[in-house]
Amino acid sequence: MRDAASHHPASNFMQLIAGQGAVDLAQALIGARLSLRGCGGIIIETEAYTAEDPASHSHRGPTPRNASMFGPAGHAYVYRSYGIHLCLNVVARPAEAVLIRALTPDHGLDAMQDRRGDRSLCDGPGRLTQALDVRITDDGAPFDGGDLAIALPPQPQPLLQGPRIGISRAQDLPWRFGLAGASGLSRRFPS
DNA sequence: GGACCGATTCGCT
DNA sequence: GCGAATCGGTCCT
């Protein structure tokens with residue numbers, strides 16, 4: 001695993017991703033360090049959702065719920081899933097976002113364990129938002145190095161690729177990405 | 001106003 | 001493997 005010094009500074013994240021689509025950003029985020037108010041880890045699993053994508057919340061146009069997905073790049077899109085969990089996305093460009101599905105936790109472990117108990121911390125989109133204490137009020141907040149920060153890895157990481165999880169439409173699109181060799185993925189990738 | 005459905009997780013069988 | 005928990009959005013009537 002890479003150490004913090006080898007990542008790009010978190011303050012540069014929003015400029016570094018300028019103009020990228022969600023499919024590119026989903027791959028670029030593998031190996032990045034995500035931090036939220038002092039807790040976080042290395043992103044090991046993502047999914048891309050785009051404007052023309054029938055599985056994307058943005059597909060039917062803006063609503064109060066998905067408004068931040070149509071906002072500027074590098075901001076968070078946080079929504080409630082199944083009435084119970086929150087899911088955390090990074091907006092790529094308007095109407096496109098990347099769902100963060102799993103992390104390898106590497107700082108703030110005590111606080112995460114307080115919130116998750118004696119269970120896996122970050123190997124699923126709802127689990128990691130609980131571990132990191134993502135709140136619905138984080139919807140629309142920038143990943144600018146304040147409460148929310150992302151530091152990209154210095155070079156592309158070895159990737160796994162496969163179909164997205166838990167969707168009923170566009171199931172053929174291979175827009176789920178993982179860090180090759182990582183443990184703690186939310187599910188295995190098909191071989 | 002009402003039915004249906006999730007970008008999920010957990011506990012039980 | 002299966003069903004419950006839980007609620008806002010969306011698409012009807």
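Within every chain, numbering begins at 1; the chains are lettered A, B, ... in the order of the sequence lines, protein sequences first and strands thereafter. Because the structure is a prediction, the values reported are computed rather than measured.
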Practice task
Using a heavy-atom cut-off of under 4.0 Å over every strand shown, decide if A:R176 touches base, sugar-phosphate, or nothing.
Solution key: nothing
Exercise for the section: Would you jot down, in residue-number order, the residues of residues 87-98 of chain A having a non-hydrogen atom under 4.0 Å from DNA chain C? Expected result: none
Completion exercise
Here the residues of residues 117-136 of chain A within 4.0 Å heavy-atom distance, strictly under, of DNA chain C are none
Inter-residue atom distance [X].[atom1] - [Y].[atom2], 0.5 Å rounding:
| X | Y | atom1 | atom2 | value |
| --- | --- | --- | --- | --- |
| A:L121 | A:L103 | CG | CG | 10.0 Å |
| A:D106 | A:C122 | CG | SG | 9.5 Å |
| A:L88 | A:D138 | CG | CG | 8.0 Å |
| A:T104 | A:L128 | OG1 | CG | 11.0 Å |
| A:L159 | A:R176 | CG | CZ | 12.5 Å |
| A:E96 | A:Q20 | CD | CD | 11.0 Å |

Practice task
Side-chain contact test, heavy atoms from C-beta onward, threshold under 4.5 Å: evaluate it for A:L152 versus A:I17 and give yes or no.
Solution key: yes
Problem - Min side-chain heavy-atom separation A:I43-A:I100 under 4.5 Å - result: yes
Practice task
For A:S186 and A:E45, test the side chains for any donor-to-acceptor distance below 3.5 angstrom and give the result as yes or no.
Solution key: yes
Handout entry: Charged N-O contact under 4.0 Å between A:R115 and A:D110
Key = no
Handout entry: Ion pair A:R116/A:D133, N-O distance below 4.0 Å
Key = no
Practice task
Kindly indicate, with the supporting measurements, whether the criterion salt bridge (charged side-chain N to carboxylate O under 4.0 Å, His left out) is fulfilled by A:D139 and A:R65.
Solution key: CA-CA 10 Å; A:D139 184 41; A:R65 179 206 201 193; over 6 Å; no
Fill in the blank from the handout: Contacts satisfying ring-ring contact (aromatic ring centres under 6.0 Å, His included) that involve residues 79-127 of chain A (not counting sequence neighbours) are A:H57-A:Y79, A:Y77-A:Y79
Exercise for the section: Using the side-chain contact (heavy atoms from CB on, under 4.5 Å) rule, pick out the option among A:D53, A:D172, A:L99 that qualifies with A:R164. Expected result: A:D53
Exercise for the section: Report, as yes or no, whether the 6.0 Å neighbourhood of atom CZ on A:R80 holds more than 12 heavy atoms from other residues, nucleotides or ligands. Expected result: yes
Problem - Contact interval (first through last nucleotide) of DNA chain B with protein chain A, 4.0 Å heavy-atom - result: B:dG6 to B:dC10
Handout entry: Contiguous Watson-Crick or G-U pair runs (3 or more, under 3.5 Å) in DNA chain B
Key = B:1-6 with C:7-12, B:8-12 with C:1-5
Exercise for the section: Determine, for nucleotides 2-13 of chain C in 5'-to-3' order, which nucleotides have protein heavy atoms under 4.0 Å from the base (write B), from only the sugar-phosphate (write S), or from neither (write -). Expected result: ---BBB-SSS--
Practice task
Between C:dC11 and B:dA7, how far apart are the P atoms? Round to whole Å, please.
Solution key: 14 Å
